[in-house]
2 protein chains.
Amino acid sequence: MAVYVTGHKNPDTDSVTAAIAYAELLKAGGEDAIASMQGEMNPETETVLKRFGVAAPEIMTDASGKTVALVDHSDLNQAPDNISADSVVAIVDHHKIGDVTTNNPIFCCVKPVGCTGTVLKQLYDAEGVAVDSKIAGLMLSAILSDTVNFKSPTCTDEDKKAVAELKEIASVTDTDELFMEMLKAKSAVAGVPAKDLLNRDYKDFDMKGNKVGCGQLELATLDQVADIRDDLYKAMEEQKAAGGHHTILLMLTDVVKEGTDLVVLSDDASVIEGAFDSKLDGNSMWIPGMMSRKKQTIPNMQKAFGC
Amino acid sequence: MAVYVTGHKNPDTDSVTAAIAYAELLKAGGEDAIASMQGEMNPETETVLKRFGVAAPEIMTDASGKTVALVDHSDLNQAPDNISADSVVAIVDHHKIGDVTTNNPIFCCVKPVGCTGTVLKQLYDAEGVAVDSKIAGLMLSAILSDTVNFKSPTCTDEDKKAVAELKEIASVTDTDELFMEMLKAKSAVAGVPAKDLLNRDYKDFDMKGNKVGCGQLELATLDQVADIRDDLYKAMEEQKAAGGHHTILLMLTDVVKEGTDLVVLSDDASVIEGAFDSKLDGNSMWIPGMMSRKKQTIPNMQKAFGC
């Protein structure tokens with residue numbers, strides 16, 4: 001019976017490419033393996049597969065009656081539906097150890113590195129299997145994406161070593177250019193309604209009884225949104241009116257310059273200025289170094305609200 | 001903070017030697033690591049550590065406030081008390097994936113091979129760390145023990161390869177002799193009361209309302225119990241009278257000859273003869289190939305009782 005190799009729900013580039021790369025490694029070892037994914041690809045992943053000329057994996061969302069190898073996750077709520085302790089035959093990941101258990105010993109390799117692609121490159125090496133040049137391009141792209149071109153705090157020397165070796169195999173001379181191509185695909189805003197952009201990656205928080213919403217758009221350059229800033233602000237106003245928010249923030253994060261232009265709509269903007277020790281210029285302020293909503297924006301806001 | 005490396009509760013040779021070997025590997029990588037175990041060593045493990053001149057690990061049963069690396073298990077009920085999702089920093093194992101979860105990515109390497117020692121040998125190789133000759137002796141012993149000198153169905157080609165390499169490093173020329181030394185230590189009966197031998201590895205089962213007890217002694221040779229068979233039978237009679245059993249079996253398993261001399265005390269011995277298609281000679285019968293209570297003895301008994 002073929003093993004379905006699959007990444008997590010809402011697949012990203014690492015999940016999709018790791019499924020392809022691990023399926024190839026299993027096949028090199030004589031196993032019957034099928035690369036799969038639990039939903040449609042995002043624009044970044046589409047760009048990567050197109051660039052390296054690799055077909056999309058098939059979609060598989062139900063593990064009933066199947067054997068599966070999990071890549072890029074080991075949590076049941078991220079795994080295909082109806083997964084059981086008997087269906088999982090392998091795990092390759094770089095996240096925290098999740099709640100998947102098995103009834104029999106299986107192969108499981110998890111490493112605290114920036115990307116599953118890095119773990120897979122090491123497994124290819126350990127098993128003495130040559131990486132196909134197209135597959136190398138996919139793994140390379142995943143590492144650049146997951147480590148934000150080496151800028152993420154999750155990036156390790158092992159990720160950099162894997163990229164150095166994979167770029168040779170894939171004949172990619174300029175990894176910055178590859179990263180920018182992915183980033184542009186990921187952050188494309190043309191033709192997308194402002195309301196959808198605001199909600200592309202958006203969360204509400206309760207801060208001492210005040211409803212605070214925060215969206216984030218990761219951009220290759222702020223120029224991408226230069227013409228639609230008024231539309232985005234209008235979408236924030238509509239969302240605030242409908243939701244009864246105290247504050248709505250929109251992080252326009254420039255991944256290359258490593259900072260965020262923070263658009264602020266608030267009942268008391270001085271609290272927000274105080275939170276980030278900065279002054280609004282119109283309805284926004286540039287905050288150097290701000291990249292992470294979870295690690296930077298929200299903690300400062302909670303502190304300002306006395307949470 | 002030093003990492004405590006520990007095997008499972010009721011430590012066996014693999015758990016103890018894997019803790020020592022993995023602590024050494026971590027130290028070779030510049031980490032501060034302490035080999036530990038969750039209880040006293042059994043006679044087999046004592047023999048192994050004495051033979052290769054390695055000191056016993058310290059006993060550690062409470063993970064409160066410590067960071068721990070788990071070897072030879074990944075189940076919470078086998079782990080030290082008060083373990084938390086934040087205390088586990090690494091897992092190296094060869095069992096099914098257990099229920100340990102973490103809050104952060106950690107190193108986790110689990111392989112479906114016969115022994116943690118085999119996984120560790122591969123990790124030393126992958127990291128280019130030379131195995132110390134004494135440590136090689138410990139790993140070698142663990143693999144021979146866990147694979148029952150390659151006879152267990154869990155034994156893989158990877159275990160055999162690891163043994164071939166480790167015996168060179170440890171300068172062990174005769175692994176059969178090493179295995180026999182361990183087996184004799186493990187199966188020592190001299191001076192042990194018959195009642196204790198009967199209960200050394202004993203379980204009761206309910207079979208259609210009939211209470212059936214079954215003990216097992218793994219021996220290097222049946223000669224080890226030649227002089228105490230009457231005492232063992234008397235212990236079975238006392239246990240049957242006190243427990244109201246229908247049947248008590250004692251498996252005297254000859255690990256070298258790969259068979260069991262089954263001692264039978266039963267209200268209806270013909271059922272037991274039928275279960276194993278064999279005839280009693282006095283109060284016992286030799287059953288070639290019978291090694292596993294769980295996989296061979298109990299299933300046949302259940303069938304005979306119509307369970």
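Naming convention: chains lettered A, B, ... in sequence-line order (proteins, then strands); numbering from 1 in each chain.
- No side-chain heavy atom of A:C109 sits under 4.5 Å from any side-chain heavy atom of B:C108.
- Side-chain contact between B:D99 and A:D99 is absent, with no heavy atoms from C-beta onward closer than 4.5 Å.
- When all heavy atoms of B:P105 and A:P112 are compared, the closest pair comes out as O-CB, 3.7 Å.
- In this structure, no portion of A:V119 lies under 4.5 Å from any heavy atom of chain B.
- With chain A as partner, the option from B:G98, B:A85, B:A90, B:A126 having the largest number of non-hydrogen pairs under 4.5 angstrom is B:G98.
- With values rounded to the nearest 0.5 angstrom, A:T154 atom OG1 is found 12.0 Å from B:N104 atom CG.
- With a 6.0 Å radius and a threshold of 12 heavy atoms from other residues, nucleotides or ligands, B:K151 has its NZ atom above the threshold.
- Once rounded to the nearest 0.5 Å, the distance linking CD1 of B:I97 with CG of A:L70 reads 10.5 Å.
- Other residues, nucleotides and ligands place no more than 12 heavy atoms under 6.0 Å from the CG atom of A:N10.
- With chain B as the partner, the residue from A:I91, A:T102, A:T101 showing the most heavy-atom pairs under 4.5 Å is A:T102.
- Rounding to the nearest 0.5 Å places NZ of B:K96 at 11.0 Å from CG of A:D86.
- Contact of B:V88 with chain A is not made at all, since no heavy-atom distance falls under 4.5 Å.
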